[in-house]
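What follows is a short report on a single structure.
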Amino acid sequence: MGLLHIFIQIAIALLVFTHTMSCTQASTQTNNGTVMKCIAHELSALLTFSAGLSDPANLLSSWEGGNCCQWKGVQCSNTTVHVVKLDLQGPDCDNSDASMQVLGGKISSSLIGLQHLQYLDLSCNRFNNETIPEFLGSLHGLRYLDLSLSSFVGRIPPQLGNLSNLRYLNLDSVFGDTHSMDITWLSRLSSLQHLDMSWVNLSTITNWVSAVNKLPSLVSLDLSFCHFSTSPDSLLHSNLTSLESLRIEANNFHKRIAPNWFWDLPSLKQLDVSSSQLHGPFPNELGNMTSLVHLDLSENNLVGMLPSNLKNLCNLEDLYLFENNINGSITEFFNRLPSCSWNKFKTLFLPLSNLTGSLPAKLEPFRNLTWLDLGDNKLTGPVPLWVGKLTNLAELDLSSNNLDGALHEGHLSGLVNLERLSLADNSIAIRVNSTWVPLFNLTVLELGSCLLGPKFPTWLRWQTNIYNLDISNTSISDMVPDWFWTMASSVDYLNMRTNQISGFLSPKIELMRASAMDLSSNQFSGPIPKLPINLTDLDLSRNNLYGPLPLDFGAPRLGTLFLYDNLISGTIPSSLCKLRLLRFLDLSGNKLTGTLPDCQDYESTTNMTGLNIRNLSLRNNNLSGEFPLFLQYCQQLIFLDLSDNQFFGTLDSWIGNKLPSLAFMRLRHNKFCGHIPLGLTNLINLQYLDLAYNNLSGIIPKSIVNWKGMALRDEQDDRYDDPMSSGFSFGLNEMMDYNDNVTVVTKGQEQLYTGEIVYMVNLDLSCNDLTGEIPAEISTLVALNNLNLSWNAFSGKIPEKIGDLVQVESLDLSHNELSGEIPTSLSALTYLSHLNLSYNNLSGKIPSGNQLQVLDDQASIYVGNPGLCGPPLTKKCPEINLTPAAPEDHKDGSDKIFLFLGMSSGFVMGLWSVSCIFLLKTK
Ligand SMILES: *[C@@H]1O[C@H](CO)[C@@H](O)[C@H](O)[C@H]1NC(C)=O
Ligand SMILES: *[C@@H]1O[C@H](CO)[C@@H](O)[C@H](O)[C@H]1NC(C)=O
Ligand SMILES: *[C@@H]1O[C@H](CO)[C@@H](O)[C@H](O)[C@H]1NC(C)=O
Ligand SMILES: *[C@@H]1O[C@H](CO)[C@@H](O)[C@H](O)[C@H]1NC(C)=O
Ligand SMILES: *[C@@H]1O[C@H](CO)[C@@H](O)[C@H](O)[C@H]1NC(C)=O
Ligand SMILES: *[C@@H]1O[C@H](CO)[C@@H](O)[C@H](O)[C@H]1NC(C)=O
Ligand SMILES: *[C@@H]1O[C@H](CO)[C@@H](O)[C@H](O)[C@H]1NC(C)=O
């Protein structure tokens with residue numbers, strides 16, 4: 001007995017030992033009964049296969065040694081030892097990130113050696129530019145083949161039709177570019193149960209339904225995004241008796257939704273015909289689909305109300321109707337849903353469906369509903385109380401409707417499983433008792449533009465799990481309670497903009513995990529605390545923050561920093577140079593003083609090349625010093641605004657060489673002096689240059705012809721990323737809207753534009769001491785909308801071809817020493833709405849015609865030029881061959897002004913007149 005006992009123990013120990021050996025040292029040949037040895041020719045097939053692959057992440061590190069049955073992803077038969085399964089699915093299938101470390105390279109035909117293979121999964125890898133190999137059709141034993149999401153290109157080989165044992169075939173090509181002109185080969189896969197060919201371009205195939213109708217075992221079929229254009233009305237004989245799930249999203253059938261073959265599929269449980277551009281009302285045939293569980297008809301431009309006889313759809317669980325035009329009342333819609341299934345519905349996904357009317361006050365609740373999305377419809381009235389009985393509800397989205405009324409405890413207390421609540425963009429008031437403690441623990445709470453205030457909502461205190469919080473524009477007029485910053489420590493995206501929230505920013509902010517915070521347009525005061533370490537985007541603009549900028553922001557990954565329109569004082573610390581990822585920096589409208597850091601220390605002590613700033617605005621502070629040297633390290637700079645400061649000194653030529661991307665430069669109202677450097681004309685992308693109100697002297701260089709940004713007339717091109725596009729939204733949570741912080745001076749007025757500056761082409765050199773002639777080359781800058789050279793000492797004639805500037809809306813050459821006649825080409829400027837030639841030495845007859853006739857305040861355009869004559873001035877010209885202006889011109893002109901008013905450019909936020917005199921120009 002004892003001996004046997006010991007023997008058994010040894011045997012167990014050996015087993016454990018060999019097992020451990022085989023796991024940790026698969027490379028050694030533990031060629032022992034308990035561990036299988038793989039078959040030699042299959043081993044060499046696998047080795048050849050792996051040699052053809054690229055494997056940067058070393059995913060196949062276990063593929064060495066002779067026992068391939070032990071390799072990761074390889075499985076051999078317990079009885080025959082043949083390789084039966086090869087599972088090389090890439091890691092992280094949900095991640096479409098191109099830098100993903102996956103397999104690539106070539107798929108060697110040596111795989112044919114694995115004749116006993118039943119299962120092959122190469123999905124979620126990156127076989128860029130590889131076609132799906134034809135020889136896969138020779139692996140006759142295959143039951144499972146997954147080549148999805150692996151970036152294959154080219155033709156789907158019809159040889160796959162030889163795989164008559166296939167049960168599962170997935171060719172989803174969302175990351176690739178595959179096509180097929182003929183899918184009749186599918187009909188030979190008579191055992192196929194699951195077929196996914198979504199994103200394969202099958203646009204030439206018209207008989208695709210009869211091809212899949214040859215697959216009697218089919219349970220699920222996904223042919224979304226296949227560019228189909230046909231869908232037959234019916235199938236005379238349907239083989240698809242087992243089909244439970246049909247997805248044919250985003251095709252292009254261009255027909256009414258009924259009749260359609262898929263309504264005849266008796267076993268269908270899931271149907272998704274999204275984006276198929278079907279037209280017409282819902283078919284009565286829906287009534288036959290007694291076992292339908294999932295119905296997805298999203299994005300189809302379907303028009304009309306559900307049919308009234310859906311009584312048989314008693315198993316329906318999920319209904320997706322995203323982006324259709326139901327264009328009828330929500331009450332009727334609910335009533336037409338089969339009442340026998342009300343208790344089974346899990347999903348009602350109906351955003352963007354043109355649903356109207358108020359939610360029915362009384363309704364047998366959809367007790368099993370976990371997801372109710374009625375966002376982006378035209379719903380009105382209050383939220384009914386029955387919503388509060390949906391105890392399984394995990395997500396409730398009623399956002400972007402016209403709902404009003406109040407939501408109180410009765411609506412919310414029963415929602416114990418609620419995780420996501422979106423009521424944003426309604427006029428809903430949340431009126432709960434200040435002592436109410438919700439039973440749900442939300443992850444997403446979007447209440448933007450609802451009514452929460454004036455008191456800070458106390459029930460938020462218990463929501464400790466939120467990562468996306470939007471309480472922007474909710475009429476809160478209160479201090480932030482201290483618990484809020486603790487509660488908000490879980491929040492990733494925090495949006496509180498546009499309230500009246502006051503008080504200091506808590507030091508607890510540092511402990512938040514936030515990556516984006518928008519607290520702009522409130523009344524926060526006090527200094528800026530240390531920021532959360534993961535913060536990438538911060539908007540604190542339009543508050544009453546004061547004190548200096550922090551020496552250490554504490555957020556090394558900051559990409560957006562908006563602090564404009566506060567009361568921040570002191571100098572700009574050199575720690576800003578450390579923020580290597582900073583792209584948008586706006587400190588305008590503060591009380592900053594002193595010179596800017598030169599960042600030279602940081603430049604020499606780090607290996608990193610330069611700063612990433614694209615958009616820098618320091619406008620309207622008290623900053624001084626010469627043109628900032630640290631800008632040399634900002635090769636990405638597109639937008640630079642230093643206007644309304646005390647900067648002085650000359651503009652150096654390096655600006656033109658070190659800032660190759662610069663498209664917008666505003667140095668207005670500083671004390672820059674010296675010449676316009678020739679180097680500045682190397683800025684070929686420059687489309688907006690404002691040097692007004694400085695002490696610049698000398699001439700305008702002829703090389704301004706290089707400013708291609710002012711010469712290209714393309715509306716929008718790809719020369720640069722939109723420097724105003726810093727905003728982003730996370731779900732409905734729209735944060736960092738930056739478009740409204742730019743003033744533009746044009747037509748003699750300063751205007752606050754909303755984002756329009758991107759489309760403005762502007763050259764403003766007014767109020768300087770520039771001399772010489774206006775170079776004829778100026779007429780090559782044909783994209784200019786605004787040209788202002790007023791209040792300088794330009795002499796000579798107005799360039800003859802000034803009329804080439806056909807886009808000009810505002811032209812100001814006043815207060816110079818220009819002489820000679822006004823070029824007649826001026827009358828060709830059909831967009832012109834503001835012209836000022838006053839106070840020069842111009843002479844001769846004022847040209848007539850076209851736009852010149854309809855400008856306002858005609859006389860003041862020409863005042864102060866004693867030599868001018870003719871209308872609109874009262875002074876008559878000497879009678880030499882006077883040709884009277886054609887009367888049609890007037891008619892023409894009045895049409896034009898109508899046209900012009902119709903196309904007002906930019907949304908004017910504020911409007912005030914400016915002139916050199918008022919701004920105390922020192923000449
Ligand atoms: C397995 O190998 C070990 C030593 O390598 C040997 O002691 C043992 O008897 C072998 N077992 C079988 C079943 O061959
Ligand atoms: C082989 O045997 C192992 C262990 O007994 C078992 O887990 C596995 O499912 C078997 N594989 C096959 C293909 O039968
Ligand atoms: C992809 O393949 C095509 C033809 O097979 C070839 O012309 C092209 O250069 C390849 N592209 C890449 C990126 O390998
Ligand atoms: C039904 O499937 C069988 C087997 O694939 C096929 O022979 C038959 O033609 C199919 N019927 C239709 C109407 O396509
Ligand atoms: C659908 O129902 C109608 C009437 O109940 C019936 O005549 C028709 O045969 C049914 N169609 C299918 C495919 O079952
Ligand atoms: C909703 O209706 C309006 C007109 O009533 C229409 O312009 C719009 O396209 C419809 N929306 C959808 C998603 O069909
Ligand atoms: C509600 O959902 C649960 C779980 O998903 C399910 O077990 C139950 O059968 C459903 N109720 C009805 C009436 O379908």
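Bear in mind that the values here come from a model prediction, so they are computed numbers and not experimental data. Numbers here simply count residues along the sequence, with the first being 1. Whatever order the structure lists them in is the order used to number ligands and atoms, beginning at 1.
Using a 3.5 Å distance cut-off with no hydrogens or angles, the side chains of Gln193 and Ser217 do not pair a donor with an acceptor. Between the side chains of Thr178 and Ser173, a donor-acceptor pair is found at a separation under 3.5 Å. In the model, Trp436 has no side-chain atom that pairs as donor or acceptor with a side-chain atom of Thr458 under 3.5 Å.
A donor-acceptor pair under 3.5 Å is absent between the side-chain atoms of His82 and the main chain of Val84, judged by distance alone.
Two rings, from Phe366 and Phe334, have their centers less than 6.0 Å apart.
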Could you pull out every donor-acceptor pair under 3.5 Å between side chains of residues 153-162 and any protein atom, sequence neighbours left out?
residue : atom : partner : partner atom : Å
Gln159  : NE2  : Glu134  : OE1          : 3.4
Asn162  : OD1  : Arg188  : NH1          : 2.7

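Interface of Asn368 with ligand 7, defined as ligand atoms under 4.0 Å from a residue heavy atom, comprises 1 (C), 2 (O), 3 (C), 8 (C), 10 (C), 11 (N), 12 (C), 14 (O).
At least one heavy atom of Lys346 sits closer than 4.0 Å to an atom of ligand 7.
Among the atoms of Lys344, none of the N or O lies under 3.5 angstrom from an N or O of ligand 7.
You'll find the side chain of Leu403 stays beyond 4.5 Å of the side chain of Thr380, heavy atoms only.
In this structure, ligand 4 sits under 4.0 Å from heavy atoms belonging to Asn213, Lys214, His237, Asn239.
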